[in-house]
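The chains referred to below are lettered A, B, ... by the order of the sequence lines, with proteins before strands, and numbering in each begins at 1. None of these values were measured; they are calculated from a predicted model.
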Amino acid sequence: MPELPEVETIRRQLAKNIVGKKIDGKKITDVRRRAKILIIDFANGHSLVFHLKLTGQLIYNGKPSKYTRKVFYFDDGSRLIFNNLRKFGWWKKIKSTKSIEAPLGPEPFDLELKQFKVMLKKRPKSKIKPLLMDQKFIAGIGNIYSDEILFASCVQPTRLAGSLSQREVKAIFDNTKKILRKAIKARGSSVRDYLDGLGKKGQYVKEHKVYQKTGENCPRCGAVIKRIKLGGRSAHYCPKCQY
DNA sequence: ACAATATCCTGCGAGC
DNA sequence: TGCTCGCAGGATATTG
């Protein structure tokens, strides 16, 4: 499930390989990421935008498979394949990315603690996990990293934003950046379908403490990891050392 | 303002 | 073996 670290990994790899090349005579000037959306900019101001959703893959010089929905060819003969097994992902060509970027919340790495506190104050009745996953609230966090961030912060996913202590808010803020940073270093989490921009698996699954660890022992206190449904999503947490 | 649910789609593993 | 069922889930629309 590509979230911020996975899309950022792909972005970096693609940027290295395709900036300066051309598709249909149009020169690529940049490869950007906003939330979980990957953006390829062209010199004429137009962009190709991709959302990988659950099972999307963007692989530079990848070998097409039965799930390859689109292949982009570059002027040097290299290519970019877009795989989309469950067809939730999408891509399109647009003239401006403004309308796509406008509704999204701030990027975690651009965020300051003070601002984060103000954001939370506006949503006191929201449960913290669904809130962290709300792209209009903060960009790029999905089911995996929200579970891991809350575990690291010792906060239960059902806690209301307004009930968090200053200390807990700071922990969530710090752990968000820390975990996302570490996950990018590991090239993301290949739980099932995700592959990076070169077709390789991300290594961050090894660092998962609670995500999909239902029934296993908490690495911090030994209690049994629990799974609950929250807004149609599964939340994994330790009932003993997350409060 | 918030929660819960269905929806899109396909593969996989469990259970019978 | 081969069926059915539940599950995985990002974002959105809908209903409560």
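Cation-pi geometry between A:Lys70 and A:Phe72 is met: the NZ or CZ atom falls under 6.0 Å from the ring centre, inside 45° of the normal.
At whole-Å resolution of the value, CD in A:Gln212 and P in B:dC12 are 15 Å apart.
Taking 4.5 Å as the limit, every side-chain heavy atom of A:Asp196 sits out of range of all side-chain heavy atoms of A:Gln57. Side-chain contact between A:Leu48 and A:Ile28 is absent, with no heavy-atom pair separated by less than 4.5 Å.
In this structure, A:Trp90 and A:His51 have tilted ring planes: the angle between them lies in the 30° to 60° band. Between A:His208 and A:Tyr145, the ring-plane angle classifies as perpendicular under the 30° and 60° cut-offs.
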Quick one, A:Ile39 with A:Asp41, criterion side-chain contact (heavy atoms from CB on, under 4.5 Å). Give me CA distance, side-chain angles, the key distance, then yes/no.
CA-CA 6 Å; A:Ile39 303 163; A:Asp41 290 323; 3.4 Å; yes
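Residues in residues 91-105 of chain A take part in these salt bridge (charged side-chain N to carboxylate O under 4.0 Å, His left out) pairs, two or more places apart or across chains: A:Arg32-A:Glu101, A:Arg34-A:Glu101.
In this structure, the helix from B:dC2-C:dG16 to B:dC16-C:dG2 shows an angle of 50° between the axis at its start and the axis at its end, each fitted on 5 base pairs and rounded to 10°.
Mapping heavy-atom proximity under 4.0 Å, the span of DNA chain C touched by chain A runs 5' to 3' from C:dA8 to C:dA11.
No side-chain N or O of A:Lys16 forms a donor-acceptor pair with one of A:Gln13 less than 3.5 Å apart.
As judged by a 4.0 angstrom heavy-atom cut-off over every strand, A:Thr55 is placed among residues making no nucleic acid contact.
Qualifying side-chain contact (heavy atoms from CB on, under 4.5 Å) partners for A:Arg181, counting only residues two or more places apart in sequence or in other chains: A:Phe109, A:Lys177.
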Output one letter per nucleotide in nucleotides 5-10 of chain B: B when a protein non-hydrogen atom lies under 4.0 Å from the base, S when only the sugar-phosphate is that close, - when neither is.
B--BBB
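When hydrophobic side chains of Ile, Leu, Val, Met, Phe, Trp and Tyr are connected at separations under 4.5 Å, A:Val210 ends up clustered with A:Phe151, A:Ile225.
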